[in-house]
Amino acid sequence: MEENIGQVQSKPVDNIPQNDTNANKENSNKPKENVGKTVKQKKKPPVSGNGWANDLRKTFDSNERMHKERLNPHNKLNLKTNGKIRITPLGGLGEIGGNMMVIETDKSAIILDVGMSFPDDSMHGVDILIPDFTYLRQIRSKIIAIVITHAHEDHIGAMPYLFKEIQVPIYGTALPLEMIGTKFDEHKMKQHRSYFRGITKRKVIKIGEFEVEWMHITHSIIDSSALAISCEAGTIIHTGDFKIDHTPIDGYPTDLQRFAHYGSKGVLALLSDSTNSHSAGFTKSEKTVGPTFDMLFAKAKGRIIMSTFSSNLHRIVQAIDRALEHNRKICVIGRSMEKNIDVALSLGYLKYPKDKFIEPHEVNKYPDKEVFIVTTGSQGEPMSALFRMSIHEHRHIKIKPEDLVILSAKAIPGNEGSVSAIINQLQKAGADVAYQNYDNIHVSGHAGQEEQKLILRLVQPKFFIPVHGEYNHVRRHVQTGIDCGVLERNTYILSDGEQIEITPKYLKKVKTVKTGKVYIDNQRNKKISNGIVMDRQTMANEGVIIIVAQISEKEMKVNGPVRVSSFGLVDGKQESYFVKEVEDILAHFVDHIKESLLQNHRAVEEELRKVVRKHCIRKYRKYPMIVPTIIVE
């Protein structure tokens, strides 16, 4: 009789003889148990007493061995290999955004994502931040490709700046490549589109010493991917940004089968998104926003204006579908929103007839109840289209009573004040604002703890390295990894610039490379030096003093009046008193200056700067920028 091992065949207890003298004898010819294999076994007579208990104990023991084997990633790796792989993050750890990582062997290196991040309030005149490329310049001869996970700005925003220095093939799906292409066009680098290499998911591509497979994963932007990167040392899985949405808008759920496939073969290391590692449970499906939109569109009496992240095309799709159901025309406003929707329409990700869209200058030709506007500005950005509408400075659209404004986005940490300000402004203009007063008006694009656990259990990595997030995010993710069976000694909290080396036998830190941020002025697409940004910070925080004076070298005294101006240090009433202070300091300075110093104008100005700064620190507790111009005659 054929029996499938692992299936328990029940036997009625009443049929077991109680006085079987052979009950304790083992059948030496009993076949070995092999999980998942069908074997032939001879029919045995019923056993009694302790014999039945022994059989059950053996069944329990064999299942215990099976569990230990299937949950042990070590026996799936090639411990005899001399291969090793090095991982160096240049951005995205200890921060939100700016994601960039180098993965290399002795001969080849690939760059994983090239993202940007946003400046804080102290970085005056800075539009974006990009990673420092110093390490990439050092290993330039090894770099063979850039691989892209998805099209968010924090993963592709720095591409034009890197490509001005290093040109190598760029591998990715259609949407991220086209988004990068539009950036190249803006930077007058259209010729570099020739480096694009479109990939097919589930198809392994040979890149130098690596074999790379893109695996579909769900996120808050369409066509996102995780990566399986294999080399002699083993396979590394990088999830990219993700959540596990079983009911995505486009019908393409996360390709869990591929994660399980690599997990069954053996995974050296898992690098996984940590952004929502503090969120218990599962992140809600994008579809949960739909019913909220249904309710809002049904009750709206005038225009509906929705603002969300311009990259969240599935959110935009849900809103447009509701607008069309209510016979509203669609107006798209905002540079990034227009660009993303145009790209998605041209590539086929979105499918809408052109006659359903109208231009901003056509909005007033239609009754308010027939208009739906999708726009930028959900984070309260002062230059965004929504903000300009709220203060009546937009060329075509001004917020008015009976407008319904839907803010379908959560405030990014640090933007809470800006979001609150624009809500106040919209309400002052008479609009009804739907934001956090509706539970499902927004859902995250990042995995909660249960989704993180699912990936960990499918992949079963030997080493676990949380990525993407601040320190508290990755630290919490480490604990989730330990809860899912990863040995604590096989986890590692990585920081930007740290280089680690991994083999099937060990994970260790190798060195620290130079990293940091480079400031960018987006108006000119140029870098801003650190010195300029520091000067701006000093002027904003400490003030400025400008001194113009003439010194007679022969008489060793100040000639004529001294012109002193200060900004941001003292108020108008104290200005005249402060000018007198500086004049006295200058006169004393000239009286005691070394005659030889007067031969060098710059040296004189530097010494005067030190003297005036000491006075300001002592009296005003400030470190102002001091700009002296001294003419020696």
Side-chain angles (χ1 to χ4, degrees), residues 220 222 245-251 283-310 312-334 337 340-341 344-345 350-360 362-378 380 385-386 389-390 394 396-411 419 422-445:
S220 55
I222 57 180
D245 192 340
H246 298 296
T247 57
I249 301 302
D250 60 6
T283 300
K284 292 180 181 179
S285 170
E286 179 62 32
K287 275 194 175 179
T288 60
V289 178
T292 303
F293 283 172
D294 287 331
M295 179 178 57
L296 292 171
F297 273 80
K299 79 170 189 176
K301 297 178 180 179
R303 299 181 302 186
I304 300 177
I305 302 169
M306 187 195 77
S307 183
T308 188
F309 298 113
S310 61
N312 196 340
L313 294 169
H314 282 164
R315 185 74 48 80
I316 296 166
V317 163
Q318 293 191 84
I320 290 179
D321 286 346
R322 270 71 183 180
L324 295 178
E325 288 172 8
H326 288 80
N327 298 314
R328 290 177 180 264
K329 293 290 185 180
I330 316 301
C331 180
V332 182
I333 300 178
M337 187 71 74
N340 289 350
I341 291 179
L345 286 169
L350 302 184
K351 298 175 177 65
Y352 294 108
K354 290 184 178 180
D355 62 356
K356 300 299 181 182
F357 292 84
I358 59 175
E359 297 295 326
E362 298 177 295
V363 166
N364 293 327
K365 296 179 182 179
Y366 294 86
D368 287 353
K369 64 180 180 180
E370 295 180 11
V371 173
F372 171 63
I373 299 170
V374 57
T375 187
T376 55
S378 63
L386 183 62
M389 292 178 199
S390 71
H394 192 274
H396 301 291
I397 311 296
K398 295 177 176 56
I399 299 297
K400 59 184 179 182
E402 291 199 346
D403 282 347
L404 171 62
V405 179
I406 303 172
L407 295 181
S408 185
K410 184 180 179 182
V419 173
I422 198 169
I423 290 173
N424 291 332
Q425 198 64 44
L426 290 165
Q427 290 177 336
K428 286 179 182 178
D432 183 15
V433 180
Y435 182 45
Q436 290 182 333
N437 45 331
Y438 294 88
D439 289 339
N440 291 329
I441 203 166
H442 170 73
V443 294
S444 175

Q.
Please evaluate residues Ile316 and Leu350 with respect to the criterion side-chain contact (heavy atoms from CB on, under 4.5 Å), reporting the C-alpha separation (whole Å), side-chain torsions for both, the decisive distance (0.1 Å), and the verdict.
A. CA-CA 10 Å; Ile316 296 166; Leu350 302 184; 5.5 Å; no
Q: Give the C-alpha distance, both sets of side-chain angles, the deciding distance and a yes or no for side-chain contact (heavy atoms from CB on, under 4.5 Å) between Met295 and Tyr438.
A: CA-CA 10 Å; Met295 179 178 57; Tyr438 294 88; 3.3 Å; yes
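Of the residues listed (Ile304, Ile305, Asp432, Thr308), the one engaging Ile406 in a side chain to side chain contact (heavy atoms under 4.5 Å, CB included) is Ile304, and it is the only one. Among Ile373, Leu324, Val371, the one residue that satisfies the side chain to side chain contact (heavy atoms under 4.5 Å, CB included) test with Ile330 is Leu324.
Across all their heavy atoms, Gly377 and Leu386 have their closest contact at O-CD2, 3.9 Å. Among all heavy-atom pairs drawn from Cys331 and Val363, the shortest one is SG-CG2, 3.8 Å. Nearest heavy atoms, Ala300 versus Leu404: CB-CD2, 3.9 Å.
To the nearest 0.5 Å, atom CD1 of residue Ile399 and atom NZ of residue Lys428 are 14.5 Å apart. Taken from NE2 in His314 to CD1 in Ile222, the straight-line distance is 5.0 Å, to the nearest 0.5 Å.
The shortest distance between side-chain heavy atoms of Asp403 and Lys400 falls below 4.5 Å. You'll find the side chain of Lys329 stays beyond 4.5 Å of the side chain of Glu370, heavy atoms only. The shortest distance between side-chain heavy atoms of Arg303 and Tyr366 does not fall below 4.5 Å. Counting heavy atoms from C-beta outward, Val405 and Gln427 have side chains that stay 4.5 Å or more apart. Side-chain contact between Ile333 and His396: absent, with no pair of heavy atoms (C-beta onward) separated by less than 4.5 Å. With a 4.5 Å cut-off on side-chain heavy atoms, Glu325 and Phe297 do not count as touching. Using a 4.5 Å heavy-atom cutoff, the side chains of Ile320 and Phe293 are not in contact. Side chains of Gln436 and Ile441 form no contact here, defined as non-hydrogen atoms less than 4.5 Å apart.
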